[in-house]
Amino acid sequence: MSTFHDVVVIGGGGAGLRAAIAVAETNPALRVAVISKVYPMRSHTVSAEGGAAAVSAADDSLDEHAYDTVSGGDWLCDQDAVEAFVAEAPRELLRLEHWGCPWSRQPDGRIAVRAFGGMKKKRTWFAADRTGFHLLHTLFQTALSYSDIVRYDEWYVTKILVDDGRAYGVVAIELATGRIETITASAVIVCTGGCGRVFPFTTNANIKTGDGMALAYRAGAALKDMEFVQYHPTGLPFTGILITEAARAEGGWLLNKDGYRYLQDYDLGTPTPDPVLRNMELGPRDRLSQAFVHEFEKGRTIDTPYGPVVNLDLRHLGAKLIDAKLPFVRELCSKYQNIDPVTSLVPVRPVVHYMMGGIHTDIRGATSLDGLYAAGEVACVSINGANRLGSNSLPECLVFGNRAGRAAAVFAARYRQAVPSAVQAMARDEERRLAEELARHAEGHERIADIRTEMQTTMENGAGIFRDGDSLTKASDQLHELRMRFAHAAIDDHSKDFNTELIALLELGFMMDVAESIIACALQREESRGAHQRTDFPRRDDERFLAHSLIQRGADGTGRVSYLPVTITRWPPGERIYGR
Amino acid sequence: MADEITLEVARYRPEVDSSPVMQSYQVPLREHWAVLDGLTYIKDQLDGTLSFRWSCRMGICGSCGMTVNGEPVLSCATFLTDYAPGPVRVEPLHNFPVIRDLVIDIEDFMAKLPTVKPWIVRDVQSPVEQGEYLQTPEELEEYQQYSMCINCMLCYSACPVYALEPEFIGPAAIALAQRYNLDSRDEGAAERLEVLSSPEGIWACTFVGECSAACPKGVDPAGAIQRYKLTAATQTVKNLLMPRSKR
Amino acid sequence: MTASTGRSYRRPIALFWWLSRRSYLLFVLRELSAVFVAWFVVYLLLLVNAIGDGAPSYARFVDWSGSSWVLVLNLIALAFVLLHVVTWFGLAPRAMVVRLRGHRIPPPQIVAAHYLAWLLLSAIVAWVVLR
C-alpha cells in the first residue's frame, strides 16, 4: 500500500511538531503528516527540565548569547547559524507563550528568566523545572488545532526512500498491526532526536536510539561532528535520571567526598555563596564532567554500588525555593533515590545526555540530499559546536524545526513530482527485506539485549568523557565483532501485533550504525575540543581541526570521514574562559 | 530480603489467546528496582515476546501505566521492594481494549481530546512582536495544576463511569479543557461549553474521586470537573435569565 | 510472521465490580442515596397535602408515619441523606474556588462554612417548629 503526503515529518517531539505546524502555516494547501514511533506527547522533549534560552532582559544582547554559545561550543559552532539562532529564539519562545506554554512569570506578569551554565546573562525561560514537558504538551495540543496535520502515531520508519539524490518518502511499520506501508512525500523532515541509548548510562529515554541519524546515513546523507557526545554532570546514579542544571543555577553546589567545592581546582573560578554566572557550578557541562573524572582519579569521589559519585548540595536553598523553582527535582529525588534534597545531599555522576553531532544540515535545515531536511537533536547545523550550552536545545528545536518546516514546505510546493518507479521498487524491496530479516533472525541465537549491552559498554569504555587512540581502536574492533554477532540476533516474537522485539532489533541495527560513526569520527579527530577529549592529543588544534567532521556511508557500508571548514563570522577562535 | 520476586504478568496474544492468561516470571529483587525494571529484565533475559510500552522511566512521558496488584500506576514509579515478598500481579490498565500483553488501545482518548479544544482560543491573536501576554504568578497558579496532566490514562483506568459509559469524555480531557478555560490568555470557554456540558461531559461524572486518587501528578481531575459543573450550571441559569446577553 | 488479527481484548465488567473498592462502594451508595432524597420530597409533599385536607387527614398521616415500616424507612432514608450531605459538603471546596481580597480561601474553611450554614438553617427550622 502507498499513501502520499506533500511533507512527511519523522518524529513528533519538539522539533517535529514545530516543523509540522510551520508547514501547515506556510502553505495550508500542503498535506503534512507526522510519523512517530510513540504518541507525540510521549516524545523525549518531555524530559527536558531546566529551560530554554532566548534574549529577553534589558541588560542582555543577541551578541552576548551568540558569544556564550560559540565559546561554550569551543569555536566549532557555525557562527552564521548561531547568529540566526539567537535572533529567532526570542520570537519562537514568545510564540510558544502565545500558544499557551505556562512559562514562569515575574510578579508583574512578564516572563521570568533564570541563570544557566555557561551563560553570562540570565536568559533562560522556564516553566518551573518541567520546561520540556510543558513545551511539548503545548506544541502537541496546539498541533491538534490544525486538523490538516495527519498523524501516524506508533509507526516506526525503517527506511527513507531516496533515488538519484532526492528523498521520496519512507517505509514504515504500524506497531499495533505490523502492517508495512510506503508513505511517499515530496519532502521528508527528520526530527527523531538523539541517540543516548548507544551508551549504557544516559538521561535519554528508551526511545532515543538514533533512528533518524541512521536512516539518513543509510539513505546517503552525511552525518556531522558525531564524536561530540555531551555528558551532563549531574545524573542520579543507577537510573541516570537528570537533575537539571537549574539546580545549580538556583544556587546548588557540587561537593566531593570531603564536602569541598572541587570545581575551584579546575580553572572554573572561586567559590562564592551565591551563584555567579559563568563561574564554578555554572561552568559549561563538558568542563564540569571532565572535572569529575579528575576528582575520581584523585580518589575524592564517593563509591556506591552504581559507580563513583559526588554530591549536589541544595540544602541551603530551603524548601520554599526548591518547591517553587525545582519541584520536579524534589519529586525525582524522593521517588527514585529515596532522599529529600531539602535535608540531604543528592548523589550525582556524569551521564550521557545529548548528541552535539547529527545529520549535516545547512542553516535552513536542508541535508545533503534534495527534499530531505532535519531539525532538533538529530540534526547538526551546527549551533552547538563541540559542547552545547544548557537551555539552547529547546529553542534549537523550535527555531530550526520552524526553519526546516518552512524550507520543506517551499520545496514540496515547487518540486512536486511523480514518484519514480525505481522508488516503488525500492519500497517493495524494503518490505521484502523486513520479512526476510524476521525469518532470518527467527533462526538466530544471540540475545538482542546482550549485543546491545556489550555495544553500550564498548562505547563507554572506548568513547567516554576521555578517549585515546587505543581505546577508540579497540572499540572499533569490538563494534566490528558485535556487527558479526548482530547478524545472528534472535527474535522469539513472531507476532504482528505490537511486536516490540522486532522494533528492538531494528533499533539496535540503527544504534550500531550510530556507534560506528561516533567511533570513526572520534578516531580521526586528533585533538581535544569541548566534549571530545583525547588524552593522546590533549590540546585544541585549530590548524588541523577547526573543521566539522563529516561521515558518509560508502558503497561497501563503511564510513568515510572528511572535513568541512567552520563558518566564522565575528568571533575568531579564542580561549574559553570561565570564572575569571 | 529475598533476592528474587515473582511477577505474574498478564499475557494476551490475539492470534493465540481469546483472553489474557497469567504468566509467572522470577526477577531479581533489588533496591531501586521499579516494576518496570522487572519487566525489562524479563524482556531482555527471560522472554523477548513480552510487549509493553515504556520510555522516559522518570514518570513524565506517561507511557508505562499498568495495573499493579489491582491499582493503576506508572510502572516506572512503583517499586518492587514495596511489594516484597510478592508475588506482584501486573496487568494492563483496565477500561481499555488490550492490543497485546500490557499494551492498551488509547485511540478513544486521542479522538476525544481535540473535541474539548485543548489549545488557546482567542478572538484576536496579537502578533508576537508585541511581546508576551502578561500573566501574573497568581493567574498562572489558577490553572497550573491542571496543566500537569501527562495523559498517562491512569484516571480513565480508575474511573467506573468510563467503564460503564465509554462515551464519557473522561477525567483527563475535561481537566485539560479546564486548564485552558482558567488560563487568563484564553477566550475559548464559550466554545468548550457545549461539549463539556453535554451528557457525555461533566454531567456523566458522579464524583467517585478515584481519578484524582490515581493521578500521579496531582492534577485532581475530579476537582476540575466539579468546579466546571458549578460554572456550567451558573452559565445555564444566566442564559435562562438573560437570554439576550452574549456568553 | 503470523498475520495480525487486529482483535483487541475487552475485559468484561464484573457484576459486583462496585464491591472491589471502598470508594466504588461509597460511590454506588451515594448514587443510591438520590432515591431516598426523592422519598423525603414525596414524604414532605404527602405531609403538606395531609395538612391541607384538614385535621382528620393530618391525624391519619401522623398515625401512618408512626407505623413501624415507615419509621424504619425514614431512618434508612435519613442515613442516606446524611451520607449525601456529608459527601456533598466534602466535595464543595473542590467545586468552588472562593477568593477573599485576592486570597484563595483554604478548603477546610469552605467545608466549615457549609456545616455552619447547615446548623444555622436547622436551628431556624427547629425554632419555627418548636416555638
Side-chain angles (χ1 to χ4, degrees), chain A residues 38-39 41-44 46-47 91 94-95 97-100 102-111 130 132-134 137-138 141-142 144-145 147 153 176 205-207 238-239 241-242 328 331-332 335-338 447-450 452-453 490-493 495-501 504, chain B residues 13-16 31-32 34 40 43-45 47-63 77 99-101 103 105-107 110 113-114 117-122 125-126 128-129 131-137 139-140 143-144 147-151 176 180 183 185-186:
Chain A
V38 291
Y39 281 95
M41 69 280 188
R42 316 276 188 234
S43 305
H44 187 53
V46 86
S47 297
R91 201 189 147 85
L94 276 174
R95 180 155 293 165
E97 192 280 326
H98 276 34
W99 283 337
W103 295 116
S104 294
R105 305 281 180 151
Q106 302 174 39
D108 65 0
R110 287 182 303 125
I111 299 288
R130 298 182 177 98
F133 162 76
H134 284 301
H137 279 252
T138 300
Q141 287 159 8
T142 301
L144 290 176
S145 72
S147 51
D153 293 341
N206 181 45
I207 54 174
F238 177 53
T239 54
I241 288 172
L242 171 72
F328 196 33
E331 181 188 328
L332 290 169
K335 213 172 259 171
Y336 295 95
Q337 204 70 37
N338 265 329
R447 287 207 78 84
I448 293 173
D450 292 346
R452 187 172 58 216
T453 305
I491 290 193
D492 298 328
D493 192 345
S495 166
K496 278 206 169 192
D497 303 289
F498 225 97
N499 188 334
T500 46
E501 199 180 29
Chain B
R13 290 141 298 195
E15 67 274 24
V16 286
E31 204 200 344
H32 295 315
T40 53
K43 176 102 188 149
D44 288 350
Q45 306 301 332
D47 185 352
T49 69
L50 180 67
S51 272
F52 51 95
R53 293 188 181 105
W54 71 284
S55 184
C56 76
R57 55 86 183 80
M58 55 190 278
I60 194 84
C61 79
S63 305
I99 297 175
R100 162 90 190 262
D101 298 340
V103 180
D105 182 348
I106 65 165
E107 281 302 310
M110 295 302 285
L113 186 57
K117 303 198 173 181
W119 52 79
I120 295 278
V121 175
R122 284 178 73 94
Q125 279 280 0
S126 70
V128 287
E129 288 73 19
E132 69 265 51
Y133 299 134
L134 295 182
Q135 183 168 68
T136 63
E139 287 170 324
L140 171 64
Y143 68 90
Q144 198 166 32
S147 75
M148 290 306 306
C149 173
I150 61 172
N151 304 173
L176 278 168
Y180 283 96
D183 191 323
R185 299 166 290 185
D186 181 80

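For clarity, every value in this text was computed on a predicted model and none was experimentally measured.
- At a 4.5 Å heavy-atom cutoff, the contact between A:R95 and chain B is made by backbone and side-chain atoms alike.
- Interatomic distance, OG1 of B:T49 versus CD1 of A:I491, reported as 12.0 Å (0.5 Å rounding).
- Annotation: maximal heavy-atom pairing with chain A below 4.5 Å, among B:A34, B:S147, B:G59, B:P114, occurs at B:S147.
- With a 4.5 angstrom heavy-atom cutoff, B:R122 does not touch chain A via any of its atoms.
- Within the model, atoms CD1 of A:I111 and OH of B:Y133 stand 12.0 Å from one another, a figure rounded to the nearest 0.5 Å.
- Heavy atoms of A:L332 lying under 4.5 Å from chain B belong exclusively to its side chain.
- With a 4.5 angstrom heavy-atom cutoff, B:S126 touches chain A via backbone and side-chain atoms both.
- Contacts of B:I60 with chain A are made by both backbone and side-chain atoms, with heavy-atom separations under 4.5 Å.
- Contact tally against chain A (heavy-atom pairs below 4.5 Å) for B:E129, B:Q125, B:E139: the top residue is B:E129.
- When heavy atoms are compared at a cutoff of 4.5 Å, A:F498 approaches chain B by way of both its backbone and its side chain.
- Heavy atoms of A:Y336 lying under 4.5 Å from chain B belong to its backbone as well as its side chain.
- The existence of a salt bridge linking A:E97 and B:R185 is confirmed by a sub-4.0 Å separation between a basic side-chain nitrogen and an acidic carboxylate oxygen.
- Using a 4.5 Å cut-off between heavy atoms, B:Y180 touches chain A through its side chain atoms alone.
- The shortest side-chain heavy-atom distance between A:T239 and B:M58 does not fall under the 4.5 Å cut-off.
- Taken to the nearest 0.5 Å, the CG atom of A:N206 stands 8.5 Å off from the OG1 atom of B:T40.
- Note: B:I120 leads B:I120, B:V121, B:L113 in heavy-atom pairs under 4.5 Å with chain A.
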**Study point:** side chain to side chain contact (heavy atoms under 4.5 Å, CB included) evaluation trace for B:E15 with A:D497
**Key:** CA-CA 8 Å; B:E15 67 274 24; A:D497 303 289; 3.1 Å; yes
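- Side-chain contact between A:D450 and B:Q45 is present, with heavy atoms from C-beta onward closer than 4.5 Å.
- Of the atoms belonging to A:Q337, heavy atoms from both backbone and side chain fall under 4.5 Å from chain B.
- With chain A as partner, the option from B:V16, B:I99, B:V103, B:D105 having the largest number of non-hydrogen pairs under 4.5 angstrom is B:V103.
- The most heavy-atom pairs under 4.5 Å with chain B, out of A:H134, A:H44, A:R452, come from A:H134.
- Interface summary for chain B: among A:E501, A:R42, A:Q106, the most heavy-atom pairs under 4.5 angstrom belong to A:R42.
- Contacts of B:M110 with chain A are made by side-chain atoms alone, with heavy-atom separations under 4.5 Å and no backbone atom involved.
- Per-residue heavy-atom pair counts under 4.5 Å with chain A were compared for B:Q135, B:H32, B:K117, and the maximum is reached by B:Q135.
- If you take CD1 on A:I448 and NZ on B:K43, they are separated by 7.5 Å, rounding to the nearest 0.5 Å.
- Closest non-hydrogen pair, A:T500 versus B:S51, comes out as OG1-OG, 2.9 Å.
- In terms of heavy-atom proximity, B:P118 sits nearest to A:L144 at CG-CD1, 3.9 Å.
- A:R105 places a side-chain heavy atom less than 4.5 Å from the side chain of B:E132.
- Taking every heavy atom of both residues into account, A:F133 and B:C149 meet most closely at CZ-O, 3.3 Å.
- For the options B:L176, B:T136, B:V128, heavy-atom pairs under 4.5 Å to chain A are most numerous at B:V128.
- If you measure heavy-atom distances from A:H98 to chain B, the contacts under 4.5 Å come from both the backbone and the side chain.
- Counting heavy atoms from C-beta on, the side chains of B:N151 and A:H137 come closer than 4.5 Å.
- Residue A:D492 touches chain B through both its backbone and its side chain, counting heavy-atom pairs closer than 4.5 Å.
- Residues B:D47 and A:R447 share a closest heavy-atom pair of N-NH2, 4.2 Å.
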